[in-house]
Amino acid sequence: MRLDKFLCELNQGTRSEVKELIRRGAVTVNGLPAGDPAVKVNEEADSVCVRGKVLCYRKFYYYMLNKPAGLISAARDRVSATVMELLRPEHRRPDLFPAGRLDWDTEGFLLLTNDGGLAHRLLSPGKHVDKVYRVSMEHELSPGDLRRLEEGVDIGEDRLTLPARVLRQEAKVILLTIHEGKFHQVKRMLEAVDNRVTALKRISFGGLELDAALQPGEYRELTKEEVNRLYGA
Ligand code: URA
């Protein structure tokens, strides 16, 4: 990879800013000042320093965000505020995106990453990755409603929803585990049993629980072990 691209990828500045850094002699490759922004570096093997500080190359980034209500799950939007605006400047990268979508008014676990391969594995319809939602609703579910949600309901698609797991938490609050990710799926499932979602929060995704220490709007990096678990989901 070209040195200037490498420096941009590691958030050292824009293309013109990193070129200026190189021109001023602030960048070394394997201990020698680099004069040419186009010089090729091996991101795994070469040691690149900016003002004496070694840069560690990473290809992929993974953040667990506790999405607050009021933001849309998109990498960018011309009108509305997106979840990407919650990232601190040092974590912003043009290739990061939310892996999947939560509605504007839904809270909870949203994965932000630039790993398209993992996102594809987690989101492709055939994979049936577990998603657990805490669902507050208008009316208490009857035992029959509960059974129908578990067995599959008609939400206007070609087929009934796949079997789900329902755990009653309070009179009007359940934990619902689903294995699909259809548009507005949980809201439509509750409508199918003549009910209405009043609050929705995703508390687990791909076998990872939302970190209880994260307040709405906060995020943290996933550990290596957590990334591996998502790969195994
Ligand atoms: N199901 C919904 O209805 N909304 C979400 O945001 C996620 C799942």
Side-chain angles (χ1 to χ4, degrees), residues 63-77 79-87 96-113 118-141 145-146 148-170 172-212 214-219 230 233:
Y63 300 105
M64 173 192 288
L65 168 70
N66 184 357
K67 177 193 175 294
L71 291 175
I72 63 166
S73 307
R76 49 195 68 81
D77 191 272
V79 181
S80 309
T82 77
V83 290
M84 306 315 277
E85 289 164 41
L86 296 167
L87 292 175
L96 279 175
F97 60 91
R101 275 171 193 268
L102 292 176
D103 294 338
W104 180 84
D105 52 356
T106 301
E107 291 187 4
F109 188 165
L110 190 62
L111 173 69
L112 306 181
T113 185
L118 176 65
H120 180 73
R121 285 169 76 113
L122 292 170
L123 302 174
S124 58
K127 286 285 189 264
H128 301 167
V129 165
D130 277 8
K131 297 150 196 117
V132 186
Y133 293 89
R134 185 173 197 277
V135 190
S136 307
M137 66 204 72
E138 204 163 70
H139 314 291
E140 196 169 340
L141 290 174
D145 294 338
L146 211 138
R148 285 179 61 206
L149 287 175
E150 286 195 321
E151 288 174 357
V153 284
D154 181 1
I155 60 169
E157 301 276 333
D158 294 343
R159 279 180 293 171
L160 298 185
T161 53
L162 289 176
R165 212 162 48 238
V166 182
L167 246 176
R168 196 193 287 271
Q169 288 242 296
E170 295 166 28
K172 296 181 191 171
V173 181
I174 57 169
L175 293 188
L176 176 67
T177 306
I178 58 173
H179 317 284
E180 313 160 275
K182 301 243 161 59
F183 185 61
H184 295 328
Q185 175 148 350
V186 176
K187 291 174 183 166
R188 288 160 71 198
M189 286 175 75
L190 270 290
E191 275 165 22
V193 294
D194 300 317
N195 212 317
R196 194 177 71 83
V197 170
T198 53
L200 190 57
K201 177 171 184 169
R202 184 156 70 187
I203 58 169
S204 169
F205 177 60
L208 291 189
E209 307 276 312
L210 176 66
D211 187 332
L214 293 175
Q215 297 304 308
E218 292 183 343
Y219 66 94
L230 284 182

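Below, each value reflects all heavy atoms present in this structure, side chains not excepted, and no hydrogens, waters or symmetry copies. Counting starts at 1 for both ligands and their atoms, following the listed order.
- Atoms of ligand 1 lying under 4.0 Å from any heavy atom of Tyr133, numbered from 1 in the order shown and given with element: 7 (C), 8 (C).
- When the shell of 6.0 Å around NE2 of His139 is examined, it contains more than 12 heavy atoms from other residues, nucleotides or ligands.
- Residue Lys172 qualifies as open at atom NZ: its count of foreign heavy atoms under 6.0 Å is 12 or below.
- Two residues are said to be in side-chain contact when any heavy atoms from C-beta on lie closer than 4.5 Å; Leu210 and Arg202 fail this criterion.
- The shortest contact between atom 1 (N) of ligand 1 and any protein heavy atom is with Val186 N, 3.1 Å.
- Listed by atom number, the atoms of ligand 1 under 4.0 Å from Thr106 heavy atoms are 4 (N), 5 (C), 6 (O).
- Close N/O approach between His184 and ligand 1 is found [any backbone or side-chain N/O within under 3.5 Å].
- Partner of Leu149 under the side-chain contact (heavy atoms from CB on, under 4.5 Å) criterion, chosen from Leu141, Val135, Val186: Leu141.
- Closest to atom 4 (N) of ligand 1, if we only count protein heavy atoms, is Asp103 OD2, 2.7 Å.
- Counting heavy atoms closer than 4.0 Å to ligand 1, residue Leu200 contributes side-chain atoms (C-beta onward) but none from N, CA, C or O.
- No more than 12 heavy atoms of other residues, nucleotides or ligands lie within 6.0 Å of CZ in Arg101, so this atom counts as exposed by the packing criterion.
- Using a 4.0 angstrom heavy-atom cutoff, Phe183 does not count as in contact with ligand 1.
- Under the side-chain contact (heavy atoms from CB on, under 4.5 Å) test applied with Ile174, the options Arg134, Met137, Arg165 reduce to a single match, Met137.
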